[in-house]
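In what follows, every chain begins at residue 1, and chains take the letters A, B, ... in the order their sequences are listed.
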Amino acid sequence: MNRGPVPRRGVRVLGPGLALAVAFLLAPAAPAAAQVSLSLSANTVTFPTADPDSTPVIAAPPFTLTVRARRATSWQVTVIASGNLTSGASAIPITSLSWTISPNPPFQDGTMSSTVAQLVGADTQELNPALDATVNYFLVNSWTYDVGNYSVTITYTLTAI
Amino acid sequence: MGRWRLISVVVAVLCLVPWPAPAQTRSRSHTVRHSVVARSRLAMSPTALSFPSADPDAVPLVPAAGGALVITVKASVAPGDPVTLTVVANDDLRSGLDAIPASALQWTASGTGFNPSGTMSTTVPQAVGSWTGSGSFSGQQSYVLVNSWSYPTGSYSATLTYTLTTP
């Protein structure tokens, strides 16, 4: 009884291996991961004290937000606060804090939130070389604020693909 | 199709599919600070009151011309701190040697925290309003002068001093 040619073990192993090798050779190179950096020129931003009648909105000294996203096809910067500005049990709503930023676009002005990250800027191309953005914080002043030393942590996040 | 061939095809297809680059993220934080210092402000309008001449029988209580004083108290204080507004007369209403007692000046008031009524004194500051904590408070104070046939003819005046007190 003729059962035909018996496949040799070497051929059965060589076939898949060869296919894999060819596949890897033909596979498109995975896009390189973007290289991103983000920095803030100020560790602390301090609003001056001011009379709510004469200064209903207080401006803080500007700082620089520097972002870079090499080899990125898109990027975005968001910001979120850790909570309200607090001083012991007293609080100033975080929505009293807003910002302006330039250049605009790709950056945009906004109002701070502690629950939803707010978009600060975005684009669909790489950001290289690094871009310096000037940020100005503003705080709505009010007689309703309790005396105290208030603070809050603000976090910026750059995401690039 | 043999098992190995099937695996080879699947792997090859997977290899040929372009894989997206992983998202890269960087985060940086900083602190925002603001100090609120104690301050207060008292505003009122008008700054002078006048009472027209009137027949004591027909008008036993003479309202101040020009209507009510509009008073605004603003204060930034520590939580729970008291804010008080008082008024005191420097003397009775005087016209030369003649006098109308300061207590002839009476008022009613409206507005959150304002005392609804009061009588002027030259010795004890009278509470116009009291509040707790920071805020801006507005109200109206309407003066009347108790009229009397006993008042000698004359042009009377007195100075009222309002004092806003915070800790």
Side-chain angles (χ1 to χ4, degrees), chain A residues 12-13 15-16 19-20 22-24 26-28 30-40 42-47 49 51-53 58 60 63 69 71-73 81-82 85 87-90 92 97 137 139 143-161, chain B residues 1-43 71-83 85 112-113 131-138 164 166-167:
Chain A
R12 285 168 51 190
V13 173
L20 285 175
V22 170
F24 276 115
L26 293 178
Q35 296 178 349
V36 299
S37 63
L38 180 151
S39 64
L40 304 170
N43 290 328
T44 302
V45 178
T46 303
F47 285 97
T49 61
D51 184 314
D53 287 344
I58 310 172
F63 66 92
R71 294 202 292 266
T73 56
S82 60
L85 288 102
S87 173
S90 301
I92 296 174
L97 180 61
Y137 282 152
L139 182 69
W143 284 101
T144 63
Y145 298 161
D146 293 329
V147 169
N149 297 313
Y150 294 83
S151 65
V152 67
T153 299
I154 304 294
T155 300
Y156 288 82
T157 299
L158 167 63
T159 303
I161 298 174
Chain B
M1 182 179 292
R3 183 182 56 170
W4 284 106
R5 185 169 296 177
L6 180 59
I7 293 174
S8 301
V9 170
V10 170
V11 171
V13 168
L14 289 176
C15 289
L16 290 171
V17 172
W19 290 81
Q24 302 294 309
T25 64
R26 290 290 184 279
S27 292
R28 293 288 182 273
S29 297
H30 65 184
T31 302
V32 171
R33 298 186 186 282
H34 178 51
S35 293
V36 176
V37 299
R39 69 178 80 235
S40 60
R41 176 157 300 136
L42 171 63
I71 300 174
T72 301
V73 170
K74 299 174 179 178
S76 285
V77 297
D81 275 354
V83 177
L85 177 65
T112 301
W131 303 268
T132 301
S134 298
S136 179
F137 314 98
S138 292
L164 177 61
T166 60

**Study point:** Top of P52(A), S39(A), A160(A), S151(A) for chain B proximity - count of heavy-atom pairs under 4.5 angstrom
**Key:**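 The residue among P52(A), S39(A), A160(A), S151(A) with the greatest pair count is A160(A).
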
Review point. Between T155(A), D146(A), T144(A), L85(A), which residue shows the highest count of heavy-atom pairs closer than 4.5 Å to chain B?
Key: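 Top option by heavy-atom pairs under 4.5 Å: D146(A).
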
**Study point:** Exercise: do N149(A) and S35(B) side chains pair donor with acceptor under 3.5 Å
**Key:**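 Per modelled atom types, N149(A) and S35(B) side chains form a pair under 3.5 Å.
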
Review point. Going by atom types only, do S76(B) and S134(B) share a side-chain donor-acceptor pair under 3.5 Å?
Key: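 Side-chain D/A pair, S76(B) to S134(B): absent.
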
Check your understanding: Which atoms of A38(B) come close to chain A, meaning under 4.5 Å heavy atom to heavy atom: side chain ones, backbone ones, both, or neither?
Key ->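 Contact with chain A involves both backbone and side-chain atoms of A38(B).
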
Between [X] and chain B, which part of the residue has a heavy atom less than 4.5 Å away: side chain, backbone, both or neither?
X: T73(A); answer: neither
X: I154(A); answer: both
X: S82(A); answer: neither
X: S90(A); answer: side chain

Exercise for review: State, with a plain yes or no, whether a side-chain heavy atom of D81(B) is found less than 4.5 Å away from one of T166(B).
Suggested key: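 With C-beta onward as the side chain, the pair stays apart.
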
Check your understanding: With chain A, which of S40(B), G133(B), S136(B) has the greatest number of heavy-atom pairs at distances under 4.5 Å?
Key ->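 Result: the option with the highest number of such pairs is S40(B).
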
Point to revise | Closest approach of H34(B) to T49(A) (non-hydrogen atoms, all atoms of both residues) | key: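 Nearest heavy atoms, H34(B) then T49(A): CE1-CA, 4.2 Å.
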
Check your understanding: Counting distance only, does the side-chain N/O of W131(B) pair as donor-acceptor with the main-chain N or O of L85(B) below 3.5 Å?
Key ->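 No, the answer is negative, given that no donor and acceptor are paired below the 3.5 Å cut-off.
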
**Study point:** Centroid separation F63(A) to Y137(A) less than 6.0 Å
**Key:**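 Judged by ring-centre distance (under 6.0 Å), F63(A) and Y137(A) do meet the cut-off.
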
